[in-house]
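Here's the structure, in structure tokens; my notes come after.
Values reported hereafter were calculated over all heavy atoms of this structure, with side chains retained and with hydrogens, waters and symmetry mates removed.
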Amino acid sequence: MKKIETKLYDDFLELFRINPKAFSHGNSNFVKQQRELSRQNFEANGFPSNKNENWRKTDLSKALNNNYIIDYQEIERGKETKSLFECEIIDFDTKLFTILNGWWASNTDLTSNSQGVIISSMRKAQLDFPEIFDKYYGKVAKEENGLISLNCAFYTDGYFIYIPDNVEFTQTIQIVNLIESQSKLFSNTRNLVVMGRNSKLKLVHCDDSLSRVDSVVNSVTEIIVGDGANLDFYKLQNKDEHSTVLTSNFIEQGANSQTNSNTITLNGGLIRNHIDVKLAGKGGNANVFGLYLVDKTQFVDNHIFVDHAMPNCTSRQLFKGIADDNAKAVFSGHILVRQDAQKTEAYQNNNNIQLTDTAGIFTHPFLEIFADDVKCSHGATVGQLDNDALFYMMQRGICERTAKMLLMFSFTQQVIEHIQLSKLRERIVHLVTRRLKGELASCENCALSCENPNSVMTFEIDMEKV
Amino acid sequence: MDKGEDQLLKDVTQNEYKYGFTSNIDTDFIAKGLNEDVVRLISAKKKEPEFLLEYRLKAFRKWKTMEFKEWAHLKIPKIDYQEIIYFAAPKNTKNLESLDEVDPELLATFDKLGISLQEQKILSGVAVDAVIDSVSVKTTFSETLSKFGIIFCSFSEAVQNHPDLIRKYLGSVVPIADNYFAALNSAVFSDGSFCYIPKGVRCPVELSTYFRINAANTGQFERTLIIADEGAYVSYLEGCTAPQRDENQLHAAIVEIVAHKDAEVKYSTVQNWYPGNKDGKGGIYNFVTKRGLCEGNNSKISWTQVETGSAITWKYPSCILKGDNSVGEFYSVAVTNNHQQADTGSKMIHLGKNTKSTIISKGISGGKSHNSYRGLVRINKNAINARNFSQCDSLLLGDRCGAHTYPYIETNNSTAIVEHEATTSKISDDQLFYCKQRGIAAEKAIGLIINGYAKEVLNKLPMEFAVEAQKLLAISLEGSVG
Amino acid sequence: MLEIKNLHVSIQGKEILKGLNLKIGFGEVHAIMGPNGTGKSTLANVITGRDLYDITEGEIIYKGKNLLAMPIEDRAREGIFLSFQYPVEIPGVSITNFMRASLDEIRQYKGLPPMAAGEFLKYFNEKKNLVEMTANLAKRSVNEGFSGGEKKKNEIFQMAMLNPDLAILDETDSGLDIDALRIVAQGVNKLKRADNSTIVITHYQRLLDYIVPDFVHVLYDGIIMKTGGKELALELEEKGYDWIKDQGKA
């Protein structure tokens with residue numbers, strides 16, 4: 001693996017030499033051991049350079065060559081974050097927890113639920129529930145690049161969720177990962193979600209910035225979905241151009257389980273979402289959807305790997321995106337159908353609209369198939385708005401600008417319609433509409449502080465409300 | 001499919017590679033191994049001008065600094081480049097006045113392959129350059145063609161007779177250091193075909209090169225250069241076979257095409273190098289760099305390939321669409337069976353305005369083989385209104401083979417429209433049942449379905465080739481279903 | 001209302017309209033007939049402003065204004081409506097939102113305030129009934145997954161919503177069964193006012209049984225070859241277009 005030459009690499013290792021317990025103090029022995037192995041991996045692999053095939057269009061060197069503070073001082077719990085995070089979704093009934101600068105910030109944990117549900121910090125969970133934690137921690141994350149090793153070695157904290165067998169957690173869990181810092185910050189957060197057999201979970205993960213300083217969030221999330229379990233997972237990324245967000249998500253699904261993951265990227269500086277889904281039991285079903293709207297000099301890379309390891313599984317990937325100004329969008333979708341994973345159905349689609357000559361679209365839709373009784377297809381397109389549709393609308397008197405926006409909105413609909421939580425969907429429709437009008441990017445203080453959340457687009461009429 | 005049918009298919013299909021014979025031709029070898037002296041020796045044997053020796057040496061020095069990049073989905077055993085003989089030629093081939101002087105064994109070899117070098121017997125409308133091991137043995141029709149101002153001869157002859165053209169165009173499309181095998185070829189290439197179609201001339205016959213590896217332990221490194229001047233048109237065919245041997249043999253060729261303004265070049269290949277036996281022993285390693293440059297406005301280069309042979313295929317016929325309104329096409333059927341591996345596809349680089357490209361790739365894999373499509377479509381900043389359509393389909397015949405698709409799409413222009421589609425399928429029981437219900441035997445039905453599957457590509461081949469290719473497809477896949 | 005003078009139009013160097021003249025008065029219904037590929041749809045596209053064509057000569061005057069100088073949407077706002085031969089599908093945009101946007105912009109152009117939501121809905125339902133559209137129309141995306149008949153009905157519904165001064169029906173009868181044809185034609189007839197005009201482009205007489213034209217023009221080889229009353233359509237039906245060709249040669 002080719003490394004990026006950066007001071008940050010030395011900084012992390014140096015910090016470890018000076019203070020080996022900076023990150024691991026108070027950890028369980030099990031976690032300490034894991035950290036040490038990962039540290040060695042990071043030392044060997046470093047930050048991945050774009051000389052590596054999986055990073056060929058994604059150059060981290062500029063984002064990493066910056067004077068970040070590596071903050072390992074635990075923050076105080078109970079900091080009132082609800083008020084910081086002004087733009088929660090209206091009437092969205094969620095159980096909200098906050099991660100601030102890489103640390104669990106909420107005052108409360110959920111550890112004594114009558115159903116046995118646990119929602120807590122990683123630090124606490126590894127001490128309080130080792131029998132669950134040790135069984136699953138580190139089991140599905142693959143340290144396939146140095147970023148993941150870095151995280152595993154040097155993470156501060158993150159969230160831990162456990163849903164026991166046959167439990168349906170009806171309320172949506174919302175995790176807000178905030179950055180609020182006066183100095184440039186590099187944070188590593190690590191999350192673990194364990195779902196028992198036939199359990200159900202709705203999880204919304206929001207990445208947000210409260211202060212406009214350069215920051216890197218490097219997160220690793222492991223999700224184990226038990227047999228017959230059902231996960232609805234949303235990632236909403238609405239950062240600013242100072243932010244680098246590097247997420248690595250590993251989902252392992254048991255037999256007859258179902259996951260929907262939706263990654264909605266509305267704003268950010270450099271965003272890389274690595275989503276790795278392993279269908280490890282028969283009859284599993286994974287939907288991996290995503291939407292990205294990038295402009296100015298933003299960069300987004302969705303790197304998807306779906307591993308059909310067992311027969312009779314189905315997967316669908318749909319990623320759609322619009323690139324404006326000098327923005328660049330990368331999509332790498334990889335379907336692997338292993339030998340004997342017969343009766344697989346795997347589909348993959350990536351559609352892009354490129355609005356300017358200075359924007360760039362790079363799409364790599366891969367299929368790798370080792371079984372014959374399968375239905376697999378992929379499609380990728382890069383193009384512009386449909387001229388026929390544009391003419392049709394203008395013939396109905398709609399001005400070009402509105403017509404284009406309507407078409408862009410309609411382009412995004414195919415992804416948005418898969419969002420099952422209606423309040424969240426409404427909210428995202430609203431954000432996307434504002435985004436397409438160019439409003440969101442200009443918000444000064446908080447990317448989500450909407451001056452008037454009730455305002456609607458002129459063309460938007462909810463017939464139910466009339 | 002039921003078991004009985006399975007067995008039936010297997011029985012029918014232990015078909016041997018029918019071009020696997022060896023000919024007893026008196027051959028001139030140089031010692032195995034590769035160093036600067038070998039490069040000089042090859043150049044000297046061919047009495048080459050100084051500039052060409054320099055070119056070779058530069059390439060050789062470059063090659064020594066390079067390493068093979070293993071990005072393709074291939075398992076390539078380590079090749080010992082010092083164990084290969086870099087020059088082998090049938091003796092007594094120079095200055096032939098008439099066909100009578102050709103070694104009768106050699107003539108017989110080509111007759112056996114169905115390629116007649118005697119012009120009266122030749123398929124009407126095809127001129128042939130026959131290349132055996134490292135050298136061109138006979139080019140038919142040269143004189144007739146020269147009346148049109150068309151130059152069609154072996155590469156070596158072109159070096160002697162048209163050094164200016166060689167100097168101008170050699171390496172202009174595939175630079176010396178383009179890739180590991182291109183550098184190797186540039187250092188040690190032996191012979192190949194050269195073709196120049198002058199301004200405004202439509203070549204009246206199909207030009208064809210027939211490549212044959214005969215000698216053992218030799219590598220074949222041919223070099224083809226085709227230049228279509230303004231408004232010219234030529235259709236070019238390439239066929240290849242090799243004897244059945246237990247050792248692997250290396251074939252690393254380069255084909256360069258330049259199409260000037262309003263010119264059109266159609267290049268068709270039926271690649272049937274020895275694929276190795278059913279246990280994966282022997283076979284040709286086929287590492288080929290083929291690239292066309294649409295230099296002028298409104299020019300067009302079209303690649304059509306039927307790939308059934310070779311133990312390993314590594315080739316990506318490409319087009320650089322530099323001229324405005326230029327067109328690039330790639331039509332491919334790649335069949336792999338037993339232990340064959342193929343990693344093939346195309347690159348379409350759009351530089352000019354209104355450039356258009358089409359990629360149609362059909363991969364068919366059986367046995368324990370691996371068949372990958374790998375391709376790049378790049379739309380550069382100034383390529384206004386560029387269009388690409390790619391379709392890459394895979395057909396799997398069995399549950400121990402692999403079919404892979406690795407497309408790369410890169411657009412840097414807002415007026416570009418690029419579409420890529422791919423599907424994977426197998427021959428369904430319903431299709432087979434339907435055929436059988438209509439009285440068609442299973443093995444016939446499979447051949448039928450496969451030919452139907454590949455039809456879009458086969459239709460692009462010149463008539464004589466299309467028939468051969470159809471037969472070849474059916475034969476290559478026999479025994480693959482089960 | 002509309003006057004076309006010596007219109008020459010070509011596409012990619014090929015001349016399609018070769019000096020076409022046509023005059024349409026207020027309140028008139030004109031049928032334009034002719035075999036395939038003679039430029040009927042080209043004419044509709046040029047009037048509405050599709051930019052695929054080169055207009056090499058001639059002019060079009062609409063309500064006293066130079067139509068060719070106007071952008072597409074202004075032509076629409078000035079009351080020109082095209083019922084498309086092949087209405088495009090716009091996934092994700094509901095008909096309600098689409099019509100709301102359209103109506104608002106046209107009203108704004110005319111200096112009218114946007115319609116209140118309730119009023120819009122009432123108006124929407126009223127027009128929906130005119131073409132016997134099903135109730136769930138409002139929620140569906142524009143033309144997405146519509147059958148041929150539904151698409152054409154949707155065109156006439158939009159025509160009813162926008163109430164144009166000059167409606168151009170491009171092959172509105174193609175792909176319609178007899179019931180759908182009746183509904184569509186009745187819709188068009190109900191929208192007829194004393195001061196609005198209609199151009200019906202078709203190559204069958206069938207539609208003209210329902211929408212009775214004042215004038216019938218035969219477009220052939222890029223010009224209006226023959227003009228007559230509604231009886232011309234019947235004559236064409238009987239004698240075929242070859243008859244016109246022969247006349248042209250004579």
Side-chain angles (χ1 to χ4, degrees), chain A residues 289 291 293 318 320 322 349 351 353 381 383-419 422 425-426 428-430 432-433 436-437 454-466, chain C residues 44-45 47-52 71-84 86-94 96-110 114-122 124 136 138-139 141-144 155 158-159 161-162 164 168:
Chain A
F289 301 130
L291 175 68
L293 309 176
L318 174 66
K320 299 188 88 168
I322 301 176
N349 252 296
N351 308 109
I353 291 179
T381 58
Q384 308 89 47
L385 299 172
D386 179 356
N387 272 323
D388 289 329
L390 216 50
F391 175 67
Y392 189 87
M393 291 182 154
M394 287 163 74
Q395 210 295 309
R396 299 294 186 253
I398 298 172
C399 74
E400 199 176 338
R401 194 172 166 270
T402 309
K404 280 184 172 166
M405 213 158 61
L406 271 170
L407 282 180
M408 284 194 272
F409 181 75
S410 110
F411 177 82
T412 62
Q413 271 296 297
Q414 265 186 307
V415 174
I416 294 176
E417 71 189 14
H418 290 294
I419 298 172
S422 64
R425 186 173 58 241
E426 278 168 30
I428 287 174
V429 164
H430 180 67
V432 165
T433 317
L436 290 174
K437 286 163 110 179
N454 292 317
S455 72
V456 286
M457 294 271 301
T458 47
F459 63 83
E460 254 187 329
I461 301 170
D462 186 346
M463 297 308 287
E464 286 146 353
K465 284 185 188 158
V466 176
Chain C
N45 281 332
I47 294 172
T48 49
R50 184 96 224 231
D51 58 359
L52 298 171
I72 303 165
E73 58 268 40
D74 282 356
R75 297 183 201 202
R77 293 164 186 173
E78 285 284 353
I80 297 180
F81 178 92
L82 174 63
S83 166
F84 286 74
Y86 303 110
V88 67
E89 299 188 4
I90 312 177
V93 177
S94 75
T96 324
N97 283 342
F98 179 57
M99 275 294 100
R100 181 69 197 242
S102 172
L103 205 63
D104 279 355
E105 295 223 22
I106 292 173
R107 286 176 68 94
Q108 190 189 353
Y109 183 80
K110 291 180 176 163
M115 246 185 209
E119 195 189 345
F120 174 80
L121 191 65
K122 197 166 149 254
F124 188 92
N136 70 354
K139 285 176 188 154
S141 293
V142 180
N143 293 323
E144 192 187 28
E155 292 295 289
Q158 291 179 33
M159 179 174 155
M161 289 292 291
L162 304 180
I168 305 168

Checklist entry - Considering only heavy atoms, which portion of C:L162 lies under 4.5 Å from any heavy atom of chain A: side chain, backbone, both, or neither? => result side chain
Next on the checklist: Do C:Y86 and A:D388 make a side-chain contact, defined as non-hydrogen atoms from C-beta onward lying under 4.5 Å apart?
Outcome noted: no
Checklist entry - Any donor-acceptor pair under 3.5 Å linking the side chain of A:Q395 with the backbone of C:I80? => result yes
Checklist outcome for this item: Closest heavy-atom pair, A:A389 versus C:V88, reported as atoms and distance to 0.1 Å, is CA-CG1, 3.6 Å
Item to check | Toward chain A, the part of C:E78 with a non-hydrogen atom under 4.5 Å | outcome: neither
Checklist entry - Just how far is it from atom OH of A:Y392 to atom CD of C:E89, taken to the nearest 0.5 Å? => result 10.5 Å
Checklist entry - Heavy atoms, side chains only, cut-off 4.5 Å: are C:R50 and A:N387 in contact? => result yes
Checklist entry - Should the heavy atoms of other residues, nucleotides or ligands under 6.0 Å from NZ of A:K320 be counted, would the total exceed 12? => result yes
Checklist entry - Do C:R77 and A:C399 come within less than 4.5 Å of each other through their side chains, counting heavy atoms only? => result yes
Next on the checklist: Looking at every heavy atom in both C:E73 and A:I398, which two are closest together, and how far apart are they?
Outcome noted: CB-O, 3.6 Å
Item to check | When A:R396, A:Q414, A:E417 are compared by non-hydrogen pairs under 4.5 Å with chain C, the top option | outcome: A:R396
Checklist entry - Between A:F391 and C:F84, what is the ring plane arrangement, given parallel below 30°, perpendicular above 60°, and tilted in between? => result perpendicular
Next on the checklist: Taking side chain as everything from C-beta outward and backbone as N, CA, C, O, which of these in C:P87 sits under 4.5 Å from a heavy atom of chain A? Side chain, backbone, both or neither.
Outcome noted: both
Next on the checklist: Looking at every heavy atom in both C:I106 and A:G397, which two are closest together, and how far apart are they?
Outcome noted: CG1-CA, 4.3 Å
Checklist entry - How about C:Q108: does its CD atom have over 12 heavy atoms from other parts shown lying under 6.0 Å from it? => result no
Next on the checklist: Between C:D51 and chain A, with a heavy-atom cut-off of 4.5 Å, which part of the residue counts as in contact: side chain, backbone, both or neither?
Outcome noted: neither
